[in-house]
Amino acid sequence: MKKPVVTRFAPSPTGFLHIGSARTALFNWVFARKHEGKMLLRIEDTDRVRSTKEATQALLDGLSWLGLDWDDEPISQFSRAARHAEIAHQLVAAGKAYKCYCSPEELTEMRETARAEGRPPRYDGRWRERDAGQAPPGVAPVIRIKAPQNGEIIVSDLVQGNVTFRAQNLDDFILLRSDGSPTYLLAVVVDDHDMDITHVIRGDDHLTNAARQSLIYRAMGWQEPQMAHIPLIHGPDGAKLSKRHGALGVDAYRKMGYLPEALRNYLARLGWAHGDDEYFTTGQMVEWFELADVNKGASRFDFVKLANLNGRHIREADPEYLFAAMRDLAGELEREHDRKGLVAHRNSVISALPDLQPRAKTVLELIDLAQFIYATRPLGMDEKAAGQLNEQTRSMISDVIGSLERIEDWNAENINTAVREFAGKKELKLGKVAQPLRAALTGKTVSPGVFEVMALLGKTESLARLGDQAL
RNA sequence: GCUCCCUUCGUCUAGCGGUCCAGGACGCCGCCCUCUCACGGCGGAAACACGGGUUCGAGUCCCGUAGGGAGCACCA
């Protein structure tokens with residue numbers, strides 16, 4: 001019987017869920033779901049200064065919004081410090097690790113001479129075989145692993161393939177600091193082991209750590225989990241993702257009006273492909289996902305493509321769902337006028353949405369497009385709309401009102417017929433009539449079809465808005 | 001500097017030795033639809049980093065060069 005898959009997402013609480021971490025979380029989640037396993041959450045909160053309760057909560061909120069749920073209770077790495085230390089001491093007792101009494105000054109000196117001689121800066125193992133009896137008085141030691149001095153360490157990685165490191169390039173790194181706290185390398189291994197993690201899926205910035213961590217597994221005689229180091233995301237200029245390009249928290253994407261399903265879709269497409277499929281649901285993603293199909297190279301973050309994908313998800317989305325997203329976003333952005341307008345005209349907005357959806361790439365744009373519905377008379381005109389209205393078009397509007405008033409069954413089709421008849425009689429192209437009407441009805445030059453707009457607004461409101469601009 | 005990884009249109013990618021004068025998507029350009037803007041449809045420009053091998057045959061395998069990235073802490 002195969003062991004059930006257990007993955008983990010192990011972020012440090014920096015105050016928000018970074019977009020790159022979000023993708024790592026997504027891959028862990030998809031993989032676990034695909035194999036009907038678990039995704040555990042471990043908060044790497046050993047840095048006590050940064051690890052506030054709020055920062056952790058922000059992380060959980062980000063995951064929840066993205067729709068990535070986790071199994072069991074999140075584990076605090078810090079809370080396991082005693083267990084980490086226990087393992088370090090066990091390793092010393094077993095002769096697989098040792099105490100080192102070097103002072104920070106000695107280490108700095110070691111690094112500097114190594115660098116000067118063109119060697120990699122690494123610890124020279126001077127306490128490796130020395131007796132503890134020679135320890136200088138009053139110095140608290142660190143515990144270092146006794147790393148093999150020759151041979152190869154092969155990290156067999158589901159994404160990167162077999163990556164070989166020469167043992168001589170790895171030094172006796174520290175497991176336990178002189179204050180008794182564990183280093184990251186130790187903590188991760190012990191936690192992953194204790195949590196029964198079967199697959200470690202993380203950013204490839206950890207690839208060299210994998211070799212070091214492998215040493216700890218060996219020393220303990222523990223079975224190593226499967227490794228999968230996924231490539232990082234770069235900014236549009238190919239450099240590391242920075243604040244300037246897209247290294248934002250997922251909350252920032254929410255505020256820009258992206259849908260979580262679109263973000264999942266886009267993030268998955270960055271470095272992973274299933275043939276030529278570009279647009280897919282999360283269910284398909286779970287069905288199709290294979291670590292073997294993850295690319296090795298980093299990819300650049302492209303907002304334009306994200307927007308395109310978001311537009312497609314908006315087009316396919318259910319109006320009720322989108323309405324909720326619009327209302328919530330208006331609330332979050334403290335756009336009270338929009339929030340109230342949306343809520344007050346809920347039904348009109350929902351029935352207008354099928355006309356709005358193909359025109360929007362973000363939820364923000366959806367809100368802007370819906371504004372004409374709850375705009376109050378007399379409507380404000382944007383610059384271009386104002387340009388549509390002059391003496392001539394205003395008097396035309398009053399003529400149109402006459403034709404429209406006679407419509408008994410107020411629907412788009414009848415309005416269409418009436419306006420076309422009017423244009424025909426006046427020998428005007430439809431556009432010459434429709435554009436000024438649009439301006440008067442919506443205050444903008446861009447909107448769904450004017451007939452649909454009038455049908456949506458109702459006869460009374462439509463005629464009143466037209467009347468406001470008529471001469 | 002050292003270690004490791006990467007390199008197909010501007011970008012994301014398909015390609016797993018012949019079916020590739022390299023396919024899709026975004027973006028861009030043109031046309032169509034059309035009351036505006038979108039959506040949609042049709043068409044177009046646009047790439048195997050370079051140099052050596054291996055092979056009957058290389059985008060696909062190997063080596064080198066160049067370029068890019070990541071990692072080298074008593075950080076995580």
Side-chain angles (χ1 to χ4, degrees), chain A residues 10-12 14 44-47 50 77 100 102 104 107-108 111 114-122 140-144 155 157 159-161 163-166 168-171 173-179 181-185 187-188 203-212 229 231-232 234 236 238-240 266 269-279 292 295-302 304-309 311-312 315 355-361 365 369 384 388 416 419-420 423 429-439 442 444-451:
Chain A
S12 41
T14 48
E44 312 237 304
D45 53 356
T46 50
D47 180 341
R50 283 193 293 176
Q77 185 159 71
C100 162
C102 282
L107 293 172
T108 313
R111 272 194 293 272
R115 197 172 289 261
E117 291 168 19
R119 290 181 291 113
R122 44 182 291 258
V142 300
I143 292 180
R144 289 181 181 272
V155 175
D157 192 282
V159 171
Q160 307 288 336
V163 183
T164 308
F165 295 89
R166 277 201 297 261
Q168 53 184 289
N169 292 317
L170 267 30
D171 65 352
F173 56 89
I174 294 175
L175 299 174
L176 205 65
R177 288 189 270 263
S178 52
D179 66 358
S181 66
T183 59
Y184 169 76
L185 257 14
V188 166
D204 71 9
D205 49 338
H206 286 287
L207 191 57
T208 48
N209 285 335
R212 287 178 235 278
H229 288 90
L232 269 16
H234 287 167
K240 200 173 171 180
Y266 179 68
R269 277 294 287 116
L270 235 39
W272 172 76
H274 178 262
D276 284 336
D277 294 303
E278 299 284 345
Y279 172 87
N295 290 155
K296 293 183 182 181
S299 44
R300 306 182 187 202
F301 196 94
D302 182 2
V304 179
K305 185 140 185 181
L306 203 212
N308 171 271
L309 234 27
R312 290 175 72 163
R315 269 171 257 151
D355 282 324
L356 269 26
Q357 281 164 262
R359 293 166 220 272
K361 291 212 181 335
E365 289 176 17
L369 286 166
K384 285 181 185 165
Q388 284 291 334
N416 189 335
V419 174
R420 280 182 199 277
K429 280 192 145 184
L430 188 56
K432 292 288 179 196
V433 181
Q435 275 306 85
L437 289 182
R438 184 189 322 282
T442 68
K444 299 177 183 185
T445 52
V446 173
S447 80
V450 281
F451 313 130

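Letters A, B, ... mirror the listed sequences (proteins, then strands); counts begin at 1. Heavy atoms only: backbone and side chains are in, while hydrogens, waters and symmetry mates are out.
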Rounded distance (Å) that lies between atom P of B:U7 and atom CG of A:N295: 8 Å
What nitrogen or oxygen pairs link the protein and nucleotides 41-51 of chain B at under 3.5 Å?
none

Between B:C42 and B:C33, how far apart are the two C1' atoms, rounded to whole Å? 11 Å
Tell me if the side-chain of A:K305 makes a donor-acceptor pair with the base of B:A25, cut-off 3.5 Å, by modelled atom types. yes
Using a 4.0 Å heavy-atom cut-off, does A:S299 contact any base of the nucleic acid, only the sugar-phosphate backbone, or nothing at all? sugar-phosphate
With heavy-atom distances below 4.5 Å as the criterion, would you say the side chains of A:E278 and A:K305 are in contact? yes
B:C72 phosphate, OP1 or OP2: any side-chain N/O from A:R212 under 4.0 angstrom? no
For the student: nearest non-hydrogen atoms of A:R144 and A:C100, plus distance: NE-SG, 3.4 Å
Please compare A:T208 and A:A273 by the position of their nearest nucleotide in RNA chain B and report the one closer to 5'. A:A273
Of the listed nucleotides B:C35, B:G24, B:C4, the one nearest the side chain of A:R420: B:C35
Closest to the A:N209 side chain: B:G40, B:C4, B:A76? B:A76
Look at the side chain of A:H234 and decide which nucleotide, out of B:A25, B:G69, B:G71, has an atom nearest to it. B:G69
Watson-Crick or G-U counterpart of B:C26, or none if no pair lies under 3.5 Å: B:G10
Can you find a donor-acceptor pair, distance only, under 3.5 Å between A:D276 side chain and B:G23 base? yes
Report which part of the nucleic acid A:V142 touches: base, sugar-phosphate, or nothing (heavy-atom distance under 4.0 Å, all strands). base
When all nucleic acid strands are considered with a 4.0 Å heavy-atom cut-off, which category describes A:Y279: base, sugar-phosphate, or nothing? nothing
For A:V163, which contact category applies under a 4.0 Å heavy-atom criterion: base, sugar-phosphate, or nothing? sugar-phosphate
Can you tell me which nucleotide in B:U11, B:C74, B:A76 comes closest to the side chain of A:D302? B:U11
For A:R300, which contact category applies under a 4.0 Å heavy-atom criterion: base, sugar-phosphate, or nothing? sugar-phosphate
Selection from B:C6, B:A76, B:C35 that lies nearest to any side-chain heavy atom of A:L430: B:C35
Would you say A:K296 places a side-chain N or O within less than 4.0 Å of OP1 or OP2 belonging to B:C6? yes
Donor-acceptor pair under 3.5 Å: do we get one between A:S447's side chain and the base of B:C37? no
Within this structure, what is the NZ-to-P distance between A:K361 and B:A25, rounded to whole angstrom? 15 Å
A:R111 has a side chain; which of B:A73, B:C6, B:C2 sits nearest to it? B:A73
Using a 4.0 Å heavy-atom cut-off, does A:S181 contact any base of the nucleic acid, only the sugar-phosphate backbone, or nothing at all? nothing
Give one of base, sugar-phosphate or nothing for A:P448, where a contact means two heavy atoms less than 4.0 Å apart. base
Can you tell me whether the side chain of A:R359 and the base of B:C39 have a donor-acceptor pair closer than 3.5 Å? no
Do the side-chain N or O atoms of A:R122 get closer than 4.0 angstrom to the phosphate oxygens (OP1, OP2) of B:A73? no
Using a 4.0 Å heavy-atom cut-off across all strands, classify A:C102 as base, sugar-phosphate, or nothing. base
Sub-3.5 Å donor-acceptor pair from the side chain of A:T183 to the main-chain atoms of A:I174, do we have one? yes
